[in-house]
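Protein chains get the first letters and strands the later ones, always in sequence-line order, with residue 1 at the start of each.
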Protein chains: 2
Amino acid sequence: MNVASHTKKPGTTRIQREKRQRILASALDVFSTHGFRGSTIDQIADAAGMSKPNLLYYFSSKEDIHRTLIEWQMEKWLSPLKALNENGDPLKEVCGYIRRKLEMARDFPKESRLFANEILQGAPRIREMLTGELNRLVEEKAAVIQNWIDREELNPCDARHLLFAIWATTQHYADFDVQVRIVLHLEEGDQSHFEEAARFLENLFCKGLKRR
Amino acid sequence: MNVASHTKKPGTTRIQREKRQRILASALDVFSTHGFRGSTIDQIADAAGMSKPNLLYYFSSKEDIHRTLIEWQMEKWLSPLKALNENGDPLKEVCGYIRRKLEMARDFPKESRLFANEILQGAPRIREMLTGELNRLVEEKAAVIQNWIDREELNPCDARHLLFAIWATTQHYADFDVQVRIVLHLEEGDQSHFEEAARFLENLFCKGLKRR
DNA sequence: ATAATAATTTATCAAATGGTCAAATTTTCC
DNA sequence: GGAAAATTTGACCATTTGATAAATTATTAT
């Protein structure tokens, strides 16, 4: 009997675990470059080197693959903000957060584009995640930042808009990679601009946040 | 004989001009929320209140609609940067640019998402526009900014990364609107946060750029 | 009014797409 | 080695989708 289609996660067997991983890796490739609707099961199956029915033996539908993928990536996605430590030095903490986000954009651009595609198109499949997990985390960390401001360790500013600005500027290097490379006249593999970006952003946000 | 399918632009007739406009307006709705591959001619035709074959009487293909739409929006898209005046006061000019971009994000979010979708997915249909028109404009305006820096009227920073940061932070409010509204607990139509955003960004970039 | 032209509809196609199923093959376990 | 379970395949199906052709209905110019 078809085990995989009953139990969504398990992967009891070695083969099941391996194949599911291979499929998710290919799905990340495909979904991140074409969005959900623009991606086909055939594309994912091809990329994973297996037939469509075979792929559908491991995941019950296109939605199933997408959902599993998003859940699988969610922790990595939120981890940089989770690491923001209220007991650390405010400026250092914010700079550290920016650095981590920028490293994510450099090392995991597909993951960034996966979420970008989804949110850009109205987040129909991850709404609950935004109103739930993300919202709680932002609530918590915005309070931390507000606390720093109240204690006069940071220049007054809206904590949530600060988070938006950090997300936007860092993710930009992953989500709009094509444009960035064209404007900076960079080759495909070149990642030298991430150091310039880190310097620029650290400078920008530090000047904006440091009390004098 | 079918006029519209021969001459791409004209719209000699009143009806032709009006219908083509209606189609482009609907296409903006659809393409901006689903991306090119995720959108169907049927969706656009429905939104425009006409049958698919009728729509294809005015545009020869899905690509044709998309290309025309992009070309039609390109000037609006680039105009805020074009207005950056090298003879103005540097800080005022940059702040003005940020304000204009933010107003665009507020008043034309669909247009923003249209381009965001396209670039996010590798810009397969607007590559030439990026390597051509956009690149030239950025080249010109980056030189203007570099000039201000050389004359010590602005704090030293990488002009291109400054442009990225301005694009990212302002467009974020259009492209990731869903997320922004969830995090800020806003209703669908509410636009009050744009004033907060303007204050925050002006403060951030001014502090980052002003010489002391 | 009427002929010519423009606009619209209906019917239709071929390809693509998400998904199913039974049979065949391979792997696992005793 | 062989039974049972797991995996893979190929053939199939119903819809969707981009697109066309032909027939029909407005419009417009004379």
Open item on the list: Side-chain N or O of B:Tyr57 versus OP1/OP2 of D:dA19: is the shortest distance under 4.0 Å?
Closed with: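 Looking at the OP1 and OP2 atoms of D:dA19, neither is under 4.0 Å from any side-chain N or O of B:Tyr57.
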Open item on the list: Check the phosphate of D:dT7 against A:Gln16, side-chain N and O only, distance under 4.0 Å to OP1 or OP2. Yes or no?
Closed with: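 Yes, within the criterion.
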Could you give the [atom1]-to-[atom2] distance, from [X] to [N], as a whole number of Å?
X: A:Leu55; N: D:dA6; atom1: CG; atom2: P; answer: 19 Å
X: A:Met50; N: D:dA6; atom1: CE; atom2: P; answer: 18 Å
X: A:Ile23; N: D:dT8; atom1: CD1; atom2: C1'; answer: 12 Å

TODO: Return the set of residues passing salt bridge (Lys or Arg N to Asp or Glu O under 4.0 Å) with A:Glu111 (not counting sequence neighbours), or none when no residue passes.
DONE: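 Applying salt bridge (Lys or Arg N to Asp or Glu O under 4.0 Å) to A:Glu111 gives A:Lys76.
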Under 4.0 Å between a side-chain nitrogen and a carboxylate oxygen: does that hold for [X] and [Y]?
X: B:Arg160; Y: B:Glu139; answer: yes
X: B:Arg113; Y: B:Asp175; answer: no
X: B:Glu140; Y: B:Arg136; answer: no

Task: Non-hydrogen atoms of B:Phe59 and B:Arg20 that approach each other most closely - done: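 Shortest heavy-atom separation between B:Phe59 and B:Arg20 comes out as CE2-NH2, 3.5 Å.
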- [ ] Report yes or no: is the cationic atom of B:Lys101 (NZ for Lys, CZ for Arg) closer than 6.0 Å to the six-membered ring centre of B:Trp77, at no more than 45° off its axis?
- [x]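 Yes.
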Task: Nucleotide-resolved protein contact map, nucleotides 10-23 of chain C, B/S/- at heavy-atom distance under 4.0 Å - done: BB-----SBBBB--
